[in-house]
*Asks:* 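Supplied in structure tokens, the structure appears directly below.
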Amino acid sequence: QVQLVESGGGLVQAGGSLRLSCAASGLTFNTYAMGWFRQAPGKEREFVAAISWNGGSTYYSDSVKGRFAISRDKAKNTVYLQMNSLKPEDTAVYYCARGNTVVALSSVYGVAYWGKGTLVTVSS
């Protein structure tokens with residue numbers, strides 16, 4: 001049974017940083033692309049970042065490029081999202097996702113498994 005468990009969310013002031021973690025189990029972690037999505041109140045879930053199975057390729061939405069960084073630790077079966085220079089518009093529930101490819105993970109339709117999410121609130 002695949003499980004993706006996010007942690008690291010919380011309340012932070014604008015300009016601050018947070019690091020989200022996603023611990024994966026029940027899958028061969030090193031063979032799948034992993035990613036992060038977010039959903040703000042009243043909005044659709046949107047792509048944030050993705051990383052290839054070997055960590056060699058990363059992709060970001062335009063809204064977070066240059067501020068967020070995705071990475072993965074093979075030994076810990078964990079994917080991270082380092083979020084810097086946070087803005088109030090980054091406030092959302094952040095979801096970890098597993099997909100077959102990085103390209104597939106650019107859309108919610110390419111997600112095979114979701115975590116339950118972790119809330120990030122950025123105050124102005």
*Asks:* Can you find a pair of side-chain heavy atoms, one from F68 and one from S61, that are under 4.5 Å apart?
*Replies:* no
*Asks:* Going from CD on Q13 to OG on S124, what distance comes out if it is rounded to the nearest 0.5 angstrom?
*Replies:* 9.5 Å
*Asks:* Would a single hydrophobic cluster contain both V79 and V64, if residues Ile, Leu, Val, Met, Phe, Trp and Tyr are joined by side-chain heavy-atom contacts under 4.5 Å?
*Replies:* yes
*Asks:* Show the nearest heavy-atom pair for residues V93 and G117, with the distance to one decimal.
*Replies:* CG1-CA, 3.8 Å
*Asks:* With rounding to the nearest 0.5 angstrom, report the CG to CZ distance, L81 to F37.
*Replies:* 12.0 Å
*Asks:* Between atom OG of S63 and atom NZ of K87, what is the distance when rounded to the nearest 0.5 Å?
*Replies:* 8.5 Å
*Asks:* Can you list every pair that meets disulfide (SG to SG under 2.5 Å) and has a residue in residues 39-82, with sequence neighbours left out?
*Replies:* none
*Asks:* I'd like to know if the side chain of E6 and the backbone of C96 have a donor-acceptor N/O pair within less than 3.5 Å.
*Replies:* yes
*Asks:* Which pair of heavy atoms, one from A104 and one from T101, lies closest together, and at what distance?
*Replies:* N-OG1, 3.0 Å
*Asks:* Does any part of the side chain of M83, heavy atoms only, come nearer than 4.5 Å to the side chain of V12, both counted from C-beta?
*Replies:* no
*Asks:* How close do S21 and W36 get, counting heavy atoms only, and between which atoms?
*Replies:* O-CH2, 3.6 Å
*Asks:* Quick one: closest heavy-atom pair of I70 and Y60, and the distance?
*Replies:* N-OH, 2.9 Å
*Asks:* Enter the distance from K65:NZ to T58:OG1 here, rounded to the nearest 0.5 Å.
*Replies:* 9.5 Å
*Asks:* What's the shortest heavy-atom distance between L119 and A92, and which atoms?
*Replies:* CD1-O, 3.6 Å
*Asks:* Look only at the side chain of R67 and the backbone of S85, and say whether a donor-acceptor pair between them is shorter than 3.5 Å.
*Replies:* yes
*Asks:* So do Y95 and V108 actually touch side chain to side chain, heavy atoms under 4.5 Å?
*Replies:* no
*Asks:* Distance check, rounded to the nearest 0.5 Å: Y94 atom OH versus L20 atom CG?
*Replies:* 7.5 Å
*Asks:* Show me the donor-acceptor pairs, under 3.5 Å and distance only, between side chains in residues 45-55 and residues at least two apart or in other chains.
*Replies:*
{"from": "R45", "atom 1": "NE", "to": "Q39", "atom 2": "OE1", "distance (Å)": "3.3"}
{"from": "R45", "atom 1": "NH2", "to": "Q39", "atom 2": "OE1", "distance (Å)": "3.4"}
{"from": "E46", "atom 1": "OE2", "to": "R38", "atom 2": "NE", "distance (Å)": "2.7"}
{"from": "E46", "atom 1": "OE2", "to": "R38", "atom 2": "NH2", "distance (Å)": "3.2"}
{"from": "S52", "atom 1": "OG", "to": "N54", "atom 2": "OD1", "distance (Å)": "3.0"}
{"from": "S52", "atom 1": "OG", "to": "G56", "atom 2": "N", "distance (Å)": "3.1"}
{"from": "S52", "atom 1": "OG", "to": "S57", "atom 2": "N", "distance (Å)": "2.9"}
{"from": "S52", "atom 1": "OG", "to": "S57", "atom 2": "O", "distance (Å)": "3.4"}
{"from": "N54", "atom 1": "OD1", "to": "G56", "atom 2": "N", "distance (Å)": "2.9"}

*Asks:* Would you call Y59 and L105 a side-chain contact if the rule is heavy atoms closer than 4.5 Å?
*Replies:* no
*Asks:* Walk me through whether F29 and T78 qualify under side-chain contact (heavy atoms from CB on, under 4.5 Å).
*Replies:* CA-CA 8 Å; F29 182 72; T78 299; 5.6 Å; no
*Asks:* Mind checking the CG-OG1 spacing from D90 to T121? Nearest 0.5 Å is all I need.
*Replies:* 11.0 Å
*Asks:* Check for a donor-acceptor pair, side chain of T91 on one end and backbone N or O of V122 on the other, with a separation under 3.5 Å.
*Replies:* yes
*Asks:* Count I, L, V, M, F, W, Y as connected when their side-chain heavy atoms are under 4.5 Å apart, and connections chain through other members. Are V5 and W114 then in the same cluster?
*Replies:* no
*Asks:* Please determine if R19 forms a cation-pi arrangement with Y80, meaning its NZ or CZ atom is less than 6.0 Å from the six-membered ring centre and no more than 45° off the ring axis.
*Replies:* yes
